[in-house]
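Here is the naming used below: chain letters follow the sequence lines, and residue numbers restart at 1 for every chain.
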Amino acid sequence: MATPTIDSPRSGRVTPGYSRTPGSRGNFEMVAWLFMRLSGAILLVMITVHLYVNLVAGDGITGVDFGFVAGKWANPIWQVWDLVLLWLSMLHGTNGVRVIINDYADKNSTRMWLKGVLYTATVVIVVLGTLVIFTFDPCPVIDGVAHVADYCPAP
Amino acid sequence: MQVHKYDVVIVGAGGAGMRAAIESGQRAHTAVLTKLYPTRSHTGAAQGGMCAALANVEEDNWEWHTFDTVKGGDYLVDQDAAEVMAKEAIEAVLDLERMGLPFNRTPEGRIDQRRFGGHTRDHGKAPVRRSCYAADRTGHMILQTLYQNCVKHNVEFYNEYYVLDLLMVDQEVTVDGVTRIEKRVAGVVSYDLASGELHIFQAKSVVFASGGVGKVYKTTSNAHTLTGDGMGIAFRRGIPLEDMEFFQFHPTGLAGLGILLSEAARGEGAILRNSEGERFMERYAPTIKDLAPRDIVARSMANEVREGRGAGPNKDYVLLDLTHLEPAHIDAKLPDITEFARTYLGVEPYTEPVPVFPTAHYAMGGIPTNIKAEVLADNDTVVPGLYAAGEVACVSVHGSNRLGTNSLLDINVFGKRAGIAAAQYALTADFVEIPENPAAETELLLNRARSSEGGERVAQIRKELQDVMDANVQVFRTEQTLLEALRVIDTLEERYTRITVQDKGKRFNLDLLEAVELGFLLDMAKVMTAAALHRKESRGGHFREDYPERDDENFMTHSMAYKDPSATETSGVRLETKPVIFTRYQPMERKY
Amino acid sequence: MEKEPASKVELAPDVAGGEVPTFDVTLKVRRYNPEVSDEAHWDEWKLTMYGTDRVLDALHKVKWEHDGSVSFRRSCAHGVCGSDAMRINGRNRLACKTLLKDLDTSKPILVEPIKGLPVEKDLIVDMEPFFQSYREIMPFLISKGHEPAKERLQSSEERDRYDDTTKCILCAACTSSCPVFWTDGQYFGPAAIVNAHRFIFDSRDDAGDMRLEILNDKEGVWRCRTTFNCSEACPRGIQVTKAISEVKQAILTRKV
Amino acid sequence: MPKTLTPAGTLYRGREGQWSWVAHRITGVVIFFFLLVHVLDTSLVRVSPEAYDAVIASYKNPLMGLGELGLVAAIMFHAFNGIRLILVDFWKDGPKYHRQMLWGVVGLWAVVMIAFSIRHLSHVFGG
């Protein structure tokens, strides 16, 4: 009898690339999906305000300097505002990139690698940003020289 | 070559095959072999509905349904089978509903029913609402629902496995001290289209449910894949074919294309008009007019065209008029077919009548079976383990003309019966030894087709065959046209031995597939023509202009066509007869 | 509703069409046969076609008159069996429902296999992964309790709720038009979700929760990015994206 | 194991839905990478005012100004289209009107960007 020269394409088996890897993680994908929409709506408002204050109001981009930032963060409302903005946008962005990695990375190892880099970057940035906002001193004294600005208490 | 072993092998995965598989699969180790994916089967193209005397919307009973079926088939129906079908129709519809079929509903939430051609109350008094339907995609819903239930029951499908041969052996059987030779089924030979390999399926029971043979005609509502393979395989293996002269032409195919516009259109109130705008069916069937059975309507339409009252630039079609119906009603009840008119002819059915002409639709004949779906090797000898159901079979519930909706019913009732019977037989029987070199003949067939270099093109021969069948073996026939058809088929058959298949590969060699299919088409065309020549009368779908009357004295019999090379006058087809089974209705004149 | 139509009417003189013209087209088909070569290539034919011809007729003309080795699936040829989904001029269509005259015949008509499923030969792809996803969403009615002696009752409104998704013919035009499916074959894909929808919203079915749970998977509905390619590709006009949205809502309202 | 054995052939010719998705994805990635850099440079305020001012000053040239314009364009498209996506998911008629909503998004985006460009470019080039 003739021996098959080409594998039978359909022997009831599905090409391995298509068989679903089992193990659903509860509602994670649903929560992530919902979070994208909720955070997206909030971010729309917060970023618009952020952009308006930084780029449109006052002197626009030309007005941005240390004093401008320090002036904002002297106000606890702006501190909280920027903190929330940082967290939401980082999580929104990280999840977005995670989805993109899931879509395009074919091999499991590539997926793991890319996601590892992504999550590390996210943690570093979020921790760094949070520390900066909270430990920020608008009137630092560097090498014995005090920074002078109208929002600083008189030395 | 691989050998697979199953209790039951079902050939074909349309309505009948899958209905059988659902039953058989739950009882015995079952495989379904199909040359397509199951959901591609032509059951899915059926539109109008499935009749059953549920009496959900008006008074009805199965006895009236039986009568309509018998009368519709011009009394050539085996009445025991018609009774079984009409009686079990009710359960068949309910079965489908329980399996999940989304029928249209009455205001009370019951299965809705509508009128259909030839279905009447109280023995022909008036049209009755008997057809259970799901918009105009009842066949689609049946096919999907059956496939869904096959998935549910883990039915094993071999998709794109083309069955090419039936393995039968002669066995000596001794019953009550008398020894005789009996044909027994051993299995089938199939060709895996994907790999080009042959696979043997050894089985205790084989169910043929491979569908019809509409592709012998040019203008047909049938799929490209309906090439009479099952009938052809059985015929070549010495099984007779019953009533092959009766082929149904559906009145309303889209003109020139053959795409079907369901009878449901007329059931919902559409009417036929000729070029003069006349509702001509009032002349041919004064009582039920446009809802007369298909053979009568098709012939009336062809007659209008012959007498010069056809519409269009070539006066070669008539018009289906829906313009008096509410667009919302059309959308709700006939969404698909109105879309066909728009897509393929650019006609807007709300405002314009649709060009239609009869299209080859359904083979009333086929592999002879009894009401248990057992295949008969002659007038009464059962082939143990061999079953057939659906269009490929002829239990003879359709006689000489099938009533609309009765095919969807046939596949469900007799598909179910075949599945149960095949499984029960397999549970008690032993495997029959596979003959030596089981695939030898099939290999020869394939190799011949593959290696022949005569230069004849398969498509050209098929086209000429379809042209000659359309011209000579259509709605109107005479001895002269039939002899002409046989003569041409003989020359085509000779040319067929000199074909060239261009594709020489193994993988998905559909070129080779078409060549093999053409062989079956040629065989079936020959059988249909020879049987038509044999029947010198007019009955149902078979209208001989040289014998325009029904002749109960000489022809109240089924025809049985056997392969017999010695019958040279009729191209190797020998014709015999088989008595019709009567139970309660005696033949009367068929008037509507 | 049932008025008896007139026995005779005046027909407009131009009723039901006139002569159908013929025209020339160039058909370019993406060829691939692993028995011959690992490389795919384009083949091109010039054909004279008839006014009502479809892309399928052009493919048949090629196969029957020029090159018999051109391979594609087809069966019913009028858009109900779902065999001949392919990419025509870059979009998923059924070859038997795409009239040549509706395409731009001044340029070559490009015909390719649908994307995202392994190509077997020319326009034929491996459909197994597609049907695998379909089977996994339990595409059959599951009803608890006793089988009724007669039919189950269902109002017309209840039936209308899922009517749209009963039209699916499993041609894979939607699934293979989905950018997520192209890159991630493990995604269930629109067709599987459509068929789950058909049962989730069927008032007779009792296993909606199980199907929702299956589609709540990381390869389930949340991968849908609402590009609407599926809705536009569906030859049956199913509002696929809408159906997927409804399934998302069903999962949400059940969980939240 | 490769999923497809053959080269992909031509690009899929999707319509507005597909291309808006592509744009949404690209703008999203661009914004994300900007965000990483943005947090890093802002963190310089923690190092010293001079360090921060030095970096910020290097941003204040016409080229970067145009880059900022592009960034705002990306953010605004991503934001407005995001609202469209939310409506597609949560509004009953969203899927039906997704195309009209996209034209709405593009229109709104154009208006905002024209207004912003005038203001921003006058800052950047007007000094």
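- For A/Asn54, no part sits under 4.5 Å from any heavy atom of chain D, backbone or side chain.
- The minimum heavy-atom distance linking A/Thr135 with D/Arg46 is given by the pair OG1-NE, 2.8 Å.
- With respect to chain D, the highest number of heavy-atom pairs below 4.5 Å among A/Ile133, A/Leu55, A/Val56, A/Leu44 belongs to A/Val56.
- Proximity to chain D is limited to the side chain of A/Leu86, based on heavy atoms less than 4.5 angstrom apart.
- Contact of A/Leu118 with chain D is made through the side chain alone, with heavy-atom distances under 4.5 Å.
- Residue contact with chain D, scored on non-hydrogen atoms closer than 4.5 Å, involves the side chain of A/Val97 exclusively.
- Proximity to chain D (any heavy atom under 4.5 Å) is shown, for A/Met90, by both the backbone and the side chain.
- Side-chain contact between D/Arg25 and A/Val99 is present, with heavy atoms from C-beta onward closer than 4.5 Å.
- Among A/Ile100, A/Leu128, A/Val69, the residue making the largest number of heavy-atom pairs under 4.5 Å with chain D is A/Ile100.
- Taking both residues in full, the closest heavy atoms of D/Val39 and A/Gly129 are given as CG1-CA, 4.0 Å, listed atom of the first, atom of the second, then distance.
- In this structure, chain D has a heavy atom under 4.5 Å from the side chain of A/Thr48, while its backbone stays farther away.
- Interface remark: D/Val37 contributes no atoms to any contact with chain A (heavy atom separation under 4.5 Å).
- Contact count versus chain A (heavy atoms, under 4.5 Å) is highest, among D/Pro49, D/Gly28, D/Ser43, for D/Pro49.
- Most heavy-atom pairs under 4.5 Å with chain D: of the set A/Tyr52, A/Trp73, A/Trp33, this distinction falls to A/Trp33.
- Contact annotation for D/Val45: both backbone and side-chain heavy atoms come within less than 4.5 Å of a heavy atom of chain A.
- With chain D as partner, the option from A/Leu51, A/Val64, A/Ile47 having the largest number of non-hydrogen pairs under 4.5 angstrom is A/Val64.
- For chain A, no part of D/Tyr59 is nearby; none of its heavy atoms comes within less than 4.5 Å.
- No side-chain heavy atom of A/Phe68 sits under 4.5 Å from any side-chain heavy atom of D/Ile56.
- In this structure, chain A has a heavy atom under 4.5 Å from the side chain of D/Phe90, while its backbone stays farther away.
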